[in-house]
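Have a look at the structure below before the remarks.
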There are 2 protein chains.
Amino acid sequence: MNSPSDLQRSGRMRADARRNHERLLTAAVSAFSRHGVNASLDDIASQAGVGSATLYRHFPTRQVLVETVLEDRVDALCLRARQLLDEPSPVGALREWLVAVVEHSRTYRGLAAAQMALEISDTTDSDQIREAGEALLVRARKAGAVRPDIDVTDLLRLVNAVAWASEHTSAPSEQGERLLAIVIEGVQSRDPDRGERADT
Amino acid sequence: MNSPSDLQRSGRMRADARRNHERLLTAAVSAFSRHGVNASLDDIASQAGVGSATLYRHFPTRQVLVETVLEDRVDALCLRARQLLDEPSPVGALREWLVAVVEHSRTYRGLAAAQMALEISDTTDSDQIREAGEALLVRARKAGAVRPDIDVTDLLRLVNAVAWASEHTSAPSEQGERLLAIVIEGVQSRDPDRGERADT
DNA sequence: ACCTGAACACCGTTCAAGT
DNA sequence: ACCTGAACACCGTTCAAGT
């Protein structure tokens with residue numbers, strides 16, 4: 001409660017501060033799209049028409065800025081996971097969501113790398129995403145469709161690595177699909193009797 | 001022929017130049033070990049007792065310096081691949097070599113990331129490694145042990161991604177093993193009749 | 001409170017001057 | 001030829017001064 005973002009969402013900020021906050025976010029989205037999450041913070045401040053120190057006041061670290069910009073997308077990704085729990089095929093649902101995770105990690109260049117670096121410290125986003133994925137994974141495991149020794153953290157780390165690798169490629173989307181296909185194959189149970197096979 | 005490294009290996013350099021070259025390499029190994037491949041080039045020059053401009057003369061880019069430092073290790077890795085062609089189990093051989101590739105990519109912090117970035121442009125090292133891996137993969141494919149749609153470039157990219165991910169972890173070695181196990185499982189044929197299963 | 005621009009420390013790279 | 005240190009441009013961060 002009473003965290004900065006609470007203050008920002010409610011109308012408690014001074015009018016000029018709230019305006020600067022919005023301008024900084026708009027500028028950040030534009031800069032991240034163009035130059036990736038490591039875009040110059042100075043440029044973002046300039047494009048927003050404020051000094052760099054103002055940016056630091058609103059967003060003390062780059063991580064905070066990135067997470068704020070991505071907030072809606074992360075929420076959507078987690079919602080999608082909950083919706084997919086109703087999908088009849090447990091592996092199909094898991095795969096579909098992992099595709100979405102890869103796409104999410106590729107929203108901006110450098111995001112996958114940033115997420116991997118941050119996973120050592122703990123961030124709210126990764127906890128949220130992990131929790132959402134855990135449900136899908138457990139369901140597939142109980143159906144006998146994925147090997148029992150696969151754990152969410154490992155799986156998401158690997159999927160994030162796939163996103164990172166595919167990003168450094170001329171055709172990120174296709175590359176991501178191919179690498180993810182290998183990973184999905186690797187987590188599924190071998191025994192064809194138990195559980196279902198992946199449908200293409 | 002007559003490339004700088006040829007000059008350096010033969011005794012054609014001026015005595016002081018050759019001495020500086022060696023000192024720079026020693027300093028680089030030490031700095032890379034301590035701080036990863038992105039270690040300060042200025043520090044390396046200082047530790048070698050030369051000016052930074054001398055470093056740039058010998059090694060125009062960081063990539064050149066890194067590749068020179070790693071030359072012997074890359075040769076050993078490729079030799080190992082050729083030796084493993086005599087191993088009775090094609091998948092076993094492939095897996096053993098991929099473990100070595102992961103370890104290689106973790107020689108210095110940041111190396112896996114650097115390799116991934118460089119793979120877009122072409123470097124001699126990655127060509128060498130790809131060629132060595134191709135032989136092992138083709139053998140396993142012919143034995144029906146790995147799926148026919150797996151290609152070397154994809155596989156090595158994924159394995160490098162595993163090395164990168166595991167590096168950003170408190171227990172890189174164990175993490176690398178676990179993620180690699182998933183990948184290996186993913187490239188193998190599903191049909192238990194064709195080909196052999198992985199032995200633990 | 002919030003903003004601002006200047007100052008700071010730290011990169012990698014280049015270049016003129018020296019041997 | 002080869003080396004050297006100084007200069008340069010570019011980062012992110014901090015801080016004193018202003019409203």
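Here the structure is a predicted model, which is why all the values come from computation and not from measurement. Each chain gets a letter, A, B and so on, in the order the sequences are listed, and its residues count up from 1.
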Does H58(A) make a side-chain N or O approach to OP1 or OP2 of dC2(C) shorter than 4.0 Å?
no

One should read off an interatomic distance between L65(B) CG and L55(B) CG, to the nearest 0.5 angstrom, of 6.0 Å

Ring pair (Phe, Tyr, Trp, His ring centres under 6.0 Å) filter on Y56(A), not counting sequence neighbours, yields none

Checklist entry - Just to confirm, is there a sub-4.0 Å distance from OP1 or OP2 of dC2(D) to any side-chain nitrogen or oxygen of N20(B)? => result no

Contact list (N/O, under 3.5 angstrom) for nucleotides 5-13 of chain D vs protein:
from    : atom 1 : to     : atom 2 : distance (Å)
dT13(D) : OP2    : Y56(A) : OH     : 2.3

For R178(B), the side chain to side chain donor-acceptor pair (under 3.5 Å) test, sequence neighbours excluded, returns D154(A)

Value for CG (L41(A)) from CZ (R62(A)), rounded to nearest 0.5 Å, stands at 4.0 Å

(message) For dC2(C) and H21(A) - does any side-chain N or O of the residue sit under 4.0 Å from the phosphate oxygens OP1/OP2?
(response) no

### Query
Is there side-chain contact between R109(A) and V37(A), with heavy atoms separated by less than 4.5 Å?
no

Between CZ of R18(A) and P of dC3(C) the distance, given in whole Å, is 12 Å

### Task
May I ask you to check whether R157(A) and Q175(B) show a side-chain donor-acceptor distance below 3.5 Å?
yes

Taken to the nearest whole Å, CZ/R19(A) to C1'/dC2(C) is 12 Å

